[in-house]
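One structure is given here, and the rest of the page talks about it.
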Amino acid sequence: MDNAQIADCFSLLAKLMDIHGENSFKAKSYANTAFTVDKLTVQLSTLPTESLFSIKGIGESGGKKIIELLETGELSVLNQLIEKTPDGILEMLNIKGIGPKKIATIWKEMEIESVGELLYACKENRLKLYKGFGEKTQQNVIETIEYYLKSKGSFLFSQVEALVFPLKSFFTKVFYPHNFQVVGAYARHLESMDAIEIVVDNSLAAIENILSEVVDFELIEENNDDLLYNTIGSLKIRVYGCDEIPFIKQVFLKNSSVEFEDFFTKSFPAINYASCENEAAVFEQAGIRFIPAFQREKESIIEFAKHNQLPALLQVSDIKGIIHCHSNWSDGNNTIEQMATAAIAKGLEYLVISDHSKSAFYAKGLNEERIQQQHLYIDELNKKLAPFKIFKSIESDILNDGSLDYSNAILSTFDLVIASVHSNLKMPQERAMMRLMNAIENPYTTILGHLTGRLLLSRKGYPVDHKKIIDACAANNVVIELNAHPSRLDIDWRHIDYALQKNVLLSINPDAHSIDGFDDVRYGILVAQKAMLTKAQNLSSFSLKELELFLDKKKANN
Ligand SMILES: [Zn+2]
Ligand SMILES: [Zn+2]
């Protein structure tokens with residue numbers, strides 16, 4: 001059992017104790033243990049058991065429970081609590097925004113035991129009658145549940161990725177000699193999806209017949225055009241046949257957005273799909289350069305292709321440095337030196353250390369004194385590691401009024417500042433816009449971090465007017481981050497073309513909390529490719545010299 005799993009057990013234990021009204025002091029201490037364990041850099045399973053008790057934040061009772069978990073893989077007190085809790089109440093714990101105390105009221109006072117019932121009660125206006133549940137909370141609960149229900153059964157691109165390879169080899173065996181191709185949301189690199197889609201060059205009846213033999217495939221929906229299967233791990237697979245349509249036409253249709261497909265058909269009405277051996281042949285007939293599935297979104301790309309103006313695809317090798325990462329000075333796992341050494345080993349030219357700022361107390365945010373210490377330490381490291389360079393940065397919290405959480409004197413000591421919202425995320429658009437606009441207008445803001453605060457499939461993000469934000473970034477020479485974490489991918493790629501029109505720079509940043517996190521830049525690149533972002537317009541593709549020049553210019557304008 002690894003640390004993350006142990007932390008999850010403690011966190012669930014704390015929540016269930018709160019729901020059942022048990023000793024709240026103890027519950028709090030288990031929540032702290034969960035937090036501590038999650039942040040440890042060493043795996044508890046590798047330590048001698050006696051040493052567990054001396055780790056700060058674990059203690060006697062926590063230590064005993066960790067030993068039980070490591071030895072048996074289970075925790076008896078947790079099992080007892082789970083047994084006493086209805087499934088629907090456990091499910092409510094997945095809904096961000098309703099904490100254990102509220103769930104306790106919902107269950108014990110309102111006698112509601114499922115998510116569906118809760119949504120219904122909100123819509124009947126019953127929730128606001130209870131203590132601690134105003135009109136606003138009720139509205140929030142409705143929105144969160146609707147989002148939760150919509151996302152249920154969906155998976156992030158990064159989660160699906162690992163399953164596609166084995167699935168392909170399975171299909172190769174089962175459907176040989178019939179051709180097949182993975183299409184749809186996965187092929188289009190969409191950020192999340194509810195199914196892997198596959199076109200098989202066979203009739204739907206034949207496909208159904210073949211798959212009925214497969215134990216792990218449970219047919220749950222049968223349509224005119226496709227069959228939907230549930231597989232292990234509740235990931236769904238949608239299989240299309242080719243009864244009345246040539247294979248390549250079916251593949252092309254499933255790999256294109258409606259907008260793209262409409263405009264393509266209007267532009268090239270005479271394509272003979274039946275004569276095409278692959279999708280490349282479709283574009284050959286059209287007389288334009290091949291447009292991969294992941295770029296078949298907006299019609300504008302067809303215009304670019306017609307005029308031979310498709311920009312080169314941004315690649316992982318175009319990333320020259322890591323911008324936005326957290327070291328163990330705040331909530332990261334690695335030392336700055338370890339991160340720098342790892343970046344050097346990847347052939348990168350620089351690293352931008354942007355630990356959390358002082359308002360982020362939960363993430364050990366840096367106060368003024370520690371910032372000074374960190375800067376001295378970075379100076380030392382830079383001497384040692386030259387020509388590689390570590391830039392001094394901070395992820396400064398955007399406060400409720402839109403100001404950043406340091407004085408200008410401190411802000412001016414950084415090479416660059418990333419401004420992000422981390423607190424009070426539940427706000428109406430007007431308030432979100434006020435906070436973001438003030439932060440963008442702050443002369444010390446270099447980059448606007450994760451624009452909406454969304455967490456794909458679990459938190460919607462605060463509402464913003466993307467156009468106004470982009471216009472303000474253009475006016476104030478502020479870079480917009482494309483946070484490459486696979487659950488963020490924020491700014492949404494659908495808004496990138498407007499940013500490019502307005503000459504706003506983007507920056508694909510991993511927001512890494514460990515060395516492994518560097519690799520997340522790839523997810524940022526996959527969505528940036530959809531929006532035709534070029535290396536000239538991506539800050540993290542700037543060479544060290546170019547980045548220095550850019551930052552000097554920005555400072556000179558302040
Ligand atoms: Zn952040
Ligand atoms: Zn961050």
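Remember, it's 1-based here, ligands and their atoms both numbered in the order they're listed.
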(message) Using modelled atom types and a 3.5 Å cut-off, is there a donor and acceptor pairing between side-chain atoms of N382 and backbone atoms of I390?
(response)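 Present.
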
Flag side-chain contact, heavy atom, 4.5 Å: F157 against V527: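 They are not in side-chain contact.
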
Please note down the angle at the Zn ion (ligand 1) between OE2 of E395 and NE2 of H422, to the nearest 10°.
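Result: 100°, to 10°.
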
Query raised in the report: When the aromatic ring centroids of H356 and H422 are compared, is their separation below 6.0 Å?
Result: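 For H356 and H422, the ring centres are under 6.0 Å apart.
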
Practice prompt. Could you tell me whether any N, O or S atom belonging to C325 is less than 2.8 Å from the Zn ion (ligand 2)?
Written response: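 No, since none of the N, O or S atoms of C325 sits under 2.8 Å from the Zn ion (ligand 2).
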
Original post:
Would H450 count as a contact for the Zn ion (ligand 2), in the sense that one of its N, O or S atoms lies under 2.8 Å from it?
Top reply: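 No, H450 does not qualify, because none of its backbone or side-chain N, O or S atoms lies under 2.8 Å.
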
If you round to the nearest 0.5 Å, how far is SG of C325 from CE of M339?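 Taking CE in M339 and SG in C325, the distance rounds to 4.5 Å.
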
Please work out whether the ring planes of F294 and H189 are parallel, tilted or perpendicular, with thresholds of 30° and 60°.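 Plane angle under 30°, so parallel.
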
| Taking the Zn ion (ligand 2) as the vertex, how big is the angle to NE2 in H326 and NE2 in H324, rounded to 10°? |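 Taking the Zn ion (ligand 2) as the apex, I get 100° for this pair.
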
So which of the N, O or S atoms of D511 lies nearest the Zn ion (ligand 2)?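 Minimum-distance N/O/S atom of D511 relative to the Zn ion (ligand 2) is OD1.
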
